[in-house]
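Okay, so here's the structure we're looking at.
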Amino acid sequence: MTNYIPNSDKDKKLMMDAIGIKNTDELFTDIPKEKILTNPLNLPRGVSEIELRQNMKDICKKNIIPKLSFLGAGCYNHFIPSTVNSVISRSEFLTAYTPYQPEISQGSLQIMYEFQSMIASLSGMDAANASMYDGASALAEAASVTCLSKGKNTILISKSVHPEYRDVVRTYMKARDVNVIEIEIKDGVTDKDDLKNRVNEDVAAVIVQSPNFFGIIEDQEKISDIAHKNNALMVSCVTESISLGILKSPGSLGADIFIGEGQSFGLTPSFGGPHLGLFAVKKELVRKMPGRIVGKTSDADGKDAYVLTLQAREQHIRREKACSNICTNQGLCAIAASVYLSTVGKKLKDLAYQNMQKAHYAFDTLLQVDGCEKVFENPFFNEFVLKVKNSREIKSKLEEKNIIIGLLLEDFYPELKDCILFCVTELTRKEDIDDLAKELSVAIGDSL
Amino acid sequence: MITIFEKSKGGVSAIEILKLDVPDTGRIPKELERDFLELPEVSEIEVIRHYIQLSRRNFGVDLGFYPLGSCTMKYSPKINEEIANFEGFSGLHPYVPLSFSQGSLKLMYGLSSFLKEISGMDAVSLQPAAGAHGELTGIMIMKVYFEKKQEKRTKIMIPDSAHGTNPATVTMCGFTCMQVKSSSKGSLDIDDLKAKIDSDTVGLMLTNPNTLGIFDENILEIIKIVHDNGSLVYCDGANLNANMGIVRVGDLGFDMIHFNLHKTFSTPHGCGGPGSGPLGVKEYLAEFLPNPTIIEEKNGGRESYKLDYSKNSIGKVKAFYGNFTVLVKAYAYIMGLGAEGIKNAAENAVLNANYMMSKLKKHYNLPYDRICQHEFVIDDSRMENNVTTNDIAKRLLDYGFHAPTVYFPLIVKGAMMIEPTETESKETLDRFCDVMIKIKEESKTDQDKVKNAPWKMPVKRVDAVKAARELDVVFNK
């Protein structure tokens, strides 16, 4: 078995002598005797590192990485520069805790400060925190912030927001006894008429996602106008953060809170986590924001220094009056995103442009396939929806060839029967798209 | 150190983007396009130097002793990092069909089974991303449990020694906190519990061993009192490292527990995350766990794994299934140690803590002088010249150690909460104790050296008051 105990039996004996005990059982006398385990736990026998690596490889082999995949829907396959892993595998970052002692943690604190700056700038906000668990839970926390700061008890959320995000928002809001009302979709975007009908003075916030779950760019300006006219806040959410490289920032379009999933910034899909929750706000809400915030200050000599700040918002100081219970966040993922954004820099715009162009090429190409139809007209970023005849059958047929064509939307939206959400990134090559068109064409032909 | 933004200059970049291999249709409506993008422009070598230089202004377990109480800063085995980076684990999309993800699901099912066995619980959700997230999930479950029974209850009891996340969680679930006192021995004051518990009590959240490092000797009686009242008992599992393999919280009668995989099961803390906070519950609460959970099916001796959705679930607390690669590391850790290694880890963690406590109590005040578990709390009341816990913490940095958790738990004035973990050697513990004793001497003979520490860090003592007063949280040119 692997063993990470550095003390020898002799050391242990010396230590027990110093404590004044004969054996380690004497350390557990506060535990009710009848409850102490008499048999070993029913766990596998420990193994050496050699066996462990082999056993884990065997389990890993049961996973299949598809030859070709057009899955997106909140988790994206993007290029990760080699700088990212090189930095986040540094033990100084990997094995540090939350920077409670600033003098010995200036490295991570400065990175968090730079991270906050990058996220605030990308989202068009005044301040950002040092990360949340993921986009979905961050969105739920944002909903709480709006209710607490507005003193209201109703949230409107568009049905074009990622279904799992809506699920998480509902879970959190149910606990707080807050009403969550969903706004209908029309032509793949938030139905503004339905929104106008439902919004009123009791609403704390309107939540939208752009690009939305169908990849379509929402009219955030109009939606924020409607929200603000009714004294509600506007929360804007992004699951594909690369889009921020080219699209107008949510802040510039009227959002009061920006929530993002930062996985696209240098993090692997990892079967859904760890990813990176982004949280940014306009000035008025800085002191209501949950999570760690790093501030710039100076040391005793007047030199620049960084420290966790506004801690009076947080659970370890305010306890039941804290704005959230969040403690552990996604520190290392935020470092990864910082290295990613420093490496890619202003070329994020070119990268975003490529995503958009390739997705449009794929859209045009697939529309040429007999049996594929357009569903929505609105402009999209790197994901789009097509109606594919016999979609479920086609999808599983191509899975046998190790190709995943995309996400079947009817699993989340029963009304969108046979609709598939396709995602294309800078890593998708032209020939991959052409191959998909060919394979789809054959599969649809066979199914008729 | 200057920021990455100040190192930025036009015309350089750390990456080359491939030439567009599809026709450029220029399709982006002008009115949607942003007009500026404020990101650094630096070369690759500057990116690397910036972050590697910053790494040298940081400190982790791999560099030295990190006795941060209640954080279990144990060594994170390197093999587990390697395994988590296997492409089959890190490269898999969460929405692949089940036939593509059998390895991941098998691992998650296996980890759930291990955690059930270690805790004596009946069902586990791996979805929560951190300990506080697990707490939130647990208290949400308490809420729907009573809703289903059509009982209206609103109060949750929390000891005055609890982590701040406990009361904050209670508020997030629309409940109110009822604080329960600690006894003079450092365990829960049973009389206070009896006096405060009533028909409005949802449950009790208890950290056991508690934040003083004390295993509550009245635990069975406490749980009985709460259960007799029809209420539930939550175990904050932050301190599970003390007792795994020795006693199971489920056997003690707890109804639920969250695990901190980034503490007990060695996954690294990464400057604050990512962590993972699975929740284990007893059978009668299993239907409320977040969706989905993983189930195993056997077909002619062959196992396959599926996602299972319960209609009574509280819903989801996070997108997808959990912090998966953190789960991989915890799974590999348990596989490596096995039953014997798990118990051995707990025993050594407790032995290390008691050894340090026996050495330090001769020099520092130990407010609760009794056998401790994985950690213990001393304070600054025996220091001269008004040297405080904060001064001691800063001076420790000069000697190459991270500081303990300070000023917590709140019930000890000037607390220093010390948790050595099992992965530290006797030599390290001796060195740390010697330095603590030396700092005490210094505070008599050379108090300024202690009061103005640290001296050897990249910065001198940091002004936290100024940071909050002159708020600067984003870089401005």
Side-chain angles (χ1 to χ4, degrees), chain A residues 2 6 11 15 24 27 30 40-41 43 46 56 60 62-64 71 87 90-92 94-98 102-104 106-108 117 120-121 133 136 164 167 171 175 268 270-274 295-297 299-300 305 309 315-316 319-320 322 325 327-332 343 345 361 430, chain B residues 14 21-22 38 41 51 54-55 57-62 83 86 88 90 92-94 100 102-103 129-130 132 164-165 167-169 173 177 215 217 268-275 315-316 319-320 323-325 336 338-339 341 347 350 355 425-426 457 459-462 466-467 472 474-475:
Chain A
T2 53
D11 291 329
M15 290 162 78
T24 49
L27 298 171
D30 284 330
L41 290 172
L43 294 174
M56 295 301 289
C60 190
K62 294 182 194 291
N63 279 348
I64 302 165
L71 280 173
V87 172
R90 288 287 294 199
S91 284
E92 296 89 337
L94 184 67
T95 68
Y97 201 75
T98 302
E103 295 83 4
I104 202 166
Q106 285 298 298
S108 54
S117 307
S121 160
Y133 308 136
E164 296 211 26
D167 197 342
T171 307
T268 52
S270 297
F271 201 49
K296 190 172 175 181
T297 180
D299 73 354
T309 193
Q315 45 78 25
H316 60 291
R319 298 177 77 82
E320 72 270 19
N325 72 344
C327 179
T328 287
N329 56 17
Q330 303 283 115
L332 200 68
T343 305
Y361 172 75
K430 178 174 178 296
Chain B
D21 62 354
V22 299
E38 210 47 72
E41 290 178 281
Y51 290 103
L54 284 172
S55 78
R57 297 159 78 88
N58 227 47
F59 184 88
V61 177
D62 287 359
I83 291 166
F86 286 170
S90 66
L92 203 66
H93 191 284
F100 286 65
Q102 286 298 301
T165 50
T169 299
C173 294
C177 291
F215 189 101
E217 69 280 11
H269 292 72
C271 300
K316 291 184 76 74
F320 313 119
N323 277 346
F324 175 72
T325 47
E347 275 177 0
V350 175
Y355 176 65
S425 68
K426 178 175 175 293
M457 293 292 110
V459 294
K460 294 273 182 62
R461 207 173 279 200
V462 172
K466 180 184 166 192
D472 173 1
V474 293
F475 177 79

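Every chain is numbered from 1, with letters handed out A, B, ... down the list of sequences.
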Give the minimum heavy-atom separation between A:Q106 and B:N58, together with the two atoms involved. N-OD1, 4.0 Å

Could I get the full list of side chain to side chain donor-acceptor pair (under 3.5 Å) partners for A:T309, not counting sequence neighbours? none

Minimum heavy-atom separation for A:D167 to B:G315, with atom names? OD1-CA, 3.8 Å

In terms of heavy-atom pairs under 4.5 Å with chain B, which of A:G46, A:P6, A:A96 leads? A:A96

When only pairs under 4.5 Å are counted, which of B:G103, B:G338, B:G60 shares the most heavy-atom pairs with chain A? B:G103

So which part of B:E38 gets closer than 4.5 Å to some heavy atom of chain A, the side chain, the backbone, both or neither? both

Across all chains, not counting sequence neighbours, the salt bridge (charged side-chain N to carboxylate O under 4.0 Å, His left out) partners of B:K426 are B:D430

Bottom line for A:S121: the part with an atom under 4.5 Å from chain B's heavy atoms is both

Which atom pair, heavy atoms only, marks the closest approach of B:G275 to A:Q330? N-OE1, 4.4 Å

Write down the atom of A:Y133, the atom of B:A132, and the distance for their closest heavy-atom approach. OH-CB, 4.0 Å

From CG (A:L27) to CZ (B:F215), nearest 0.5 Å: 13.5 Å

To the nearest 0.5 Å, what is the distance between SG (B:C271) and CG (A:N329)? 9.5 Å

Can you tell me how far the CD atom of A:E320 sits from the OG1 atom of B:T169, to the nearest 0.5 Å? 11.5 Å

Short side-chain to backbone donor-acceptor contact, B:D472 and A:G295, under 3.5 Å: no

Minimum side-chain heavy-atom gap A:P274-B:T325 below 4.5 Å: yes

Name the member of B:P268, B:A14, B:S90 that forms the most heavy-atom pairs with chain A at distances under 4.5 Å. B:S90

Would you mind checking which part of B:C177 comes under 4.5 Å of any heavy atom in chain A, side chain (CB onward), backbone (N, CA, C, O), both or neither? side chain

Pick from A:A136, A:A305, A:A175 with the largest number of heavy-atom pairs that fall under 4.5 Å of chain B: A:A175

Distance, nearest 0.5 Å, that separates OG1 of A:T171 from NZ of B:K316: 9.0 Å

Selection from A:K62, A:M56, A:E103, A:K430 maximising heavy-atom pairs under 4.5 Å formed with chain B: A:E103

Choice from B:Y355, B:F100, B:F320 maximising heavy atom contacts with chain A below 4.5 Å: B:F100

Heavy-atom pairs under 4.5 Å with chain B, option from A:T98, A:V87, A:D30, A:T268 with the top count: A:D30

Pick from B:E217, B:E347, B:Q102, B:R461: which one has the most heavy-atom pairs with chain A under 4.5 Å? B:R461

Between A:T328 and B:H269, is there a side-chain heavy-atom distance shorter than 4.5 Å? no

Taking the side chain as everything from C-beta on, heavy atoms only, tell me whether B:F59 gets closer than 4.5 Å to A:E92. no

Can you check whether A:T297 reaches B:V462 side chain to side chain, under 4.5 Å on heavy atoms? yes

Going by heavy atoms in the side chains, are A:L332 and B:P274 under 4.5 Å from each other? yes

I need the A:S108 OG to B:R57 CZ distance, nearest 0.5 Å. 11.0 Å

State the SG-CZ distance between A:C60 and B:F86, to the nearest 0.5 angstrom. 6.5 Å

Verify the distance criterion only: is there a donor paired with an acceptor across the side chains of B:T165 and A:N325 at less than 3.5 Å? no

Top contributor to chain B interface from A:T24, A:D11, A:L71, A:N63 [non-hydrogen pairs under 4.5 Å]: A:N63

A:T95 (side chain) donor-acceptor with B:D62 (main chain) under 3.5 angstrom: yes

